[in-house]
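Below, all heavy atoms of this structure are taken into account, side chains as well, without hydrogens, waters or symmetry copies.
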Amino acid sequence: MDLLHIMYIAVAVVLGACAGGAFYRHVSVKRIGDAEGLARRIVEEARKEAQAQKKEILLQGQNDLYSQKRELENEYKEREREMKARERKLSESGDRLEERLEKVSQKEHEVLAVEKELTRKERQLAESEEFLNARISEEEKKLEEIAGLTTEEARERLLAEVEAKTRHEAARMIRQIETEAKETGDRKAKDILCNVIQRYAGDYVGEQTVTAVSLPSEDMKGRIIGREGRNIRAIEAATGVDLIIDDTPETVILSAYSPLRRQVAKMALERLIQDGRIHPARIEDIVQKCEQELDVQVREVGEQATFDAGVHGIHPEIVRLLGQLRYRTSFTQNVLQHSLEVSALCGMMAAELGMDVKKAKRAGLLHDIGKAVDHEVEGPHALIGADIAKKFNEGKDIVHAIAAHHEDQRPSTALAVLVQAADSISGARPGARKELLENYVKRLEELEAIATSFDGVSKAYAIQAGREIRVMVNPESVDDDATYMLCKDIAKKIEDNLTYPGQIRVTVVRERRAVGFAK
C-alpha cells in the first residue's frame with residue numbers, strides 16, 4: 001500500500017473520530033436534559049402528593065379532635081346527669097330521715113306514756129294480790145274451822161282422789177290401747193306365722209337316739225361278755241360306754257352320756273356281731289375304725305345340713321359340730337332336724353318381714369350349736385354356742401341371736417326375736433317333743449299356784465295341756481280395771497318363774513250374779 005492511501009485512511013479515521021465524539025456529546029446532552037426533566041417531574045409529583053397527604057392528615061386530625069370533643073362532651077353530660085340524680089336521692093333520703101326522726105320521737109313519747117301506765121297497773125296488781133292473799137288466808141281459816149281439816153290434810157285427800165281417778169282412767173286407756181295394738185299385732189303375726197307354717201312341711205314324728213343293740217341269739221351275750229368278762233371290759237374301756245346285759249331277750253343296752261360314744265359303741269358292737277370274731281385286740285381295732293368312720297360321717301352330715309339349709313361359708317369346725325347334732329336329742333326331738341326346721345322358718349319369716357333371708361337362715365341353723373359340746377363345757381348351751389360362733393368369726397348379729405334365743409341375754413335385734421319365734425314354733429308343734437308325766441303335772445300345779453297367790457283370786461284352772469290358765473276372781477274385791485291389771489301381773493310372774501315351750505294364755509274371769517226368788 002502506498003502512502004497516499006495510508007493518509008486517506010488516517011484522515012478518515014480522524015474524521016470519523018471527530019464525528020463520533022460530536023455525536024456522543026449530542027446524545028449525552030440530550031440524555032442529561034431528559035433526566036433533568038424527569039427529575040423535575042418526579043419532584044413536582046412528590047410535592048403534590050405530599051401536599052395531598054398533608055391535607056388528608058390535617059383532615060383526619062380534625063375529625064379525631066372532633067370525635068374526642070364529642071365523647072368528652074357526652075361523658076360530661078352523663079356525669080352531670082348522675083350527679084343530679086345523686087343529689088335528688090340525697091335530698092329524698094334526707095326528707096325520709098327527717099320523717100323517721102319525727103316518728104321515732106313520737107314513738108318515744110308513746111313508750112314513755114305506756115311505761116308510766118304499766119308502772120301504775122303493776123302497783124295496782126301488787127295491791128290487789130296482797131288483798132287477795134289476805135282474803136284467801138281468811139277463807140282458808142274459815143274452811144278449816146268448818147271442815148275440821150288442815151290445809152295439808154285437805155291437799156292430801158284431794159291428791160288421793162285425783163290419783164285414784166287418774167289411775168282408773170290410765171288403766172282404761174292402757175287397756176284400750178293395748179287391746180287395739182294386740183288385735184293388730186296378733187292379726188299380722190298370725191298371718192305371717194300361718195304362711196310360714198303352711199309353707200314348711202316337716203316330719204311330725206320325733207327321732208330318738210338308739211341305745212339298744214339287737215342280738216341274733218341269746219348265745220351272743222356270752223361271747224360279748226367273754227371269758228371272765230374280758231371282752232365286755234375291753235369294749236367299755238375302748239368306747240367309754242357301759243354295756244348293760246340283763247334278762248331282756250336278744251338285746252344289749254348301751255349307757256353313756258355322750259351320744260357320739262354311744263354311736264361308736266353301737267357301730268362297733270354291730271360290726272363285731274356280724275364279723276363273729278370277738279376278742280380284745282379285734283375290739284380295739286374295730287372301735288378305732290368306727291371312730292374314724294363316724295368322724296367322716298359327722299362331717300358329711302354337717303355339710304349336707306348346710307347344703308339343705310342353703311347356708312355357705314361356715315367354718316369346717318362348726319360344720320363338724322353341726323354333724324354331731326345328728327346324734328343329739330332334746331325331749332326326743334333330733335337337734336339337727338330341729339336346727340334345720342328353725343333355719344327354714346327363720347328364712348320364710350324374714351322374707352315376709354323384708355329382712356336379710358340368708359342371715360336369718362344362718363342364725364337359725366347355728367342357734368343350737370352349743371348342744372354339741374354342752375356335756376363337755378359348763379354353762380347354758382345358748383352362751384356356749386355364742387362363744388363358739390364368735391371364736392370362728394361369725395357376725396355380731398349371728399352371735400347375739402344365738403346367745404339370746406333362750407333369754408340368757410336380752411334380745412336387742414329383730415334377728416334375735418325372729419330366732420326365738422322360730423325356735424318356739426319348731427319345739428312346740430304337735431308331736432315334736434315328748435314330756436314326762438311327772439314334769440307335765442308339776443308344771444300344771446305351778447301354774448295354778450302362781451295364779452292363786454294373788455289377792456282376790458278365788459280359783460284357778462290350768463287347761464289345754466297347760467297352754468291356758470283360767471283365773472276366777474271375787475267380784476267384790478276386784479273391779480273391771482283391776483281385773484285387767486291382775487291379768488298382766490299373773491302373766492309377768494309366769495314368765496319370770498316358769499320354763500315352758502310356746503306361750504301360755506292367761507284368762508281372768510270376773511262374774512257377778514244376782515239371785516232372786518219370786519213367791
Is it the case that the side chain of [X] and the backbone of [Y] share a donor-acceptor pair, with hydrogens and angles ignored and the cut-off at 3.5 Å?
X: His400; Y: Asp397; answer: no
X: Gln420; Y: Ala404; answer: yes
X: Glu448; Y: Ala462; answer: yes
X: Ser458; Y: Asn474; answer: no
X: Ser343; Y: Ser339; answer: no
X: Arg320; Y: His315; answer: no
X: Asn133; Y: Glu129; answer: yes
X: Arg510; Y: Val478; answer: yes

If we only count heavy atoms from C-beta on, is the [X] to [Y] side-chain gap below 4.5 Å?
X: Met267; Y: Ile286; answer: no
X: Leu415; Y: Ile398; answer: yes
X: Thr507; Y: Ile469; answer: no
X: His405; Y: Asp368; answer: yes
X: Arg271; Y: Glu293; answer: yes
X: Asn334; Y: Arg326; answer: yes
X: Glu394; Y: Arg362; answer: yes
X: Ile369; Y: Leu322; answer: yes

Review point. Pick one: which of Gln324, Gln263, Lys289 meets side chain to side chain contact (heavy atoms under 4.5 Å, CB included) with Leu294?
Key: Gln263
Tell me, yes or no, whether the heavy-atom count around [X] atom [atom1], taken from other residues, nucleotides or ligands under 6.0 Å, exceeds 12.
X: Arg410; atom1: CZ; value: no
X: Lys390; atom1: NZ; value: no
X: Glu117; atom1: CD; value: yes
X: Met485; atom1: CE; value: no

Identify the heavy atoms of [X] and [Y] that sit nearest to each other, and give their distance.
X: Ala350; Y: Val357; result: CB-CA, 4.2 Å
X: Ala451; Y: Val471; result: CB-CG2, 3.8 Å
X: Gly347; Y: Lys361; result: CA-CG, 3.8 Å
X: Arg470; Y: Ile463; result: CG-CD1, 3.6 Å
X: Ala372; Y: Leu325; result: N-CD2, 3.6 Å

**Study point:** Candidate pair Glu317 and Lys391, rule salt bridge (charged side-chain N to carboxylate O under 4.0 Å, His left out), full reasoning
**Key:** CA-CA 10 Å; Glu317 185 62 24; Lys391 177 181 178 182; over 6 Å; no
Practice item. For side-chain contact (heavy atoms from CB on, under 4.5 Å), just list the numbers for Leu365 and Leu340, CA-CA rounded to whole Å, side-chain angles, deciding distance to a tenth of an Å, and then say yes or no. Key: CA-CA 6 Å; Leu365 181 64; Leu340 290 171; 3.8 Å; yes
Exercise for review: Apply side-chain contact (heavy atoms from CB on, under 4.5 Å) to Ile504 and Glu495, showing your working.
Suggested key: CA-CA 9 Å; Ile504 297 175; Glu495 290 177 357; over 6 Å; no
**Study point:** Ring-ring centroid check His406 His367, cutoff 6.0 Å
**Key:** no
Check your understanding: Under the side-chain contact (heavy atoms from CB on, under 4.5 Å) criterion, do Val287 and Glu291 qualify, and how do the steps go?
Key -> CA-CA 6 Å; Val287 169; Glu291 287 177 348; 3.9 Å; yes
Check your understanding: What's the verdict on salt bridge (charged side-chain N to carboxylate O under 4.0 Å, His left out) for Glu270 and Lys266, showing C-alpha distance, side-chain angles and the deciding distance?
Key -> CA-CA 6 Å; Glu270 289 177 346; Lys266 177 178 178 291; 3.0 Å; yes
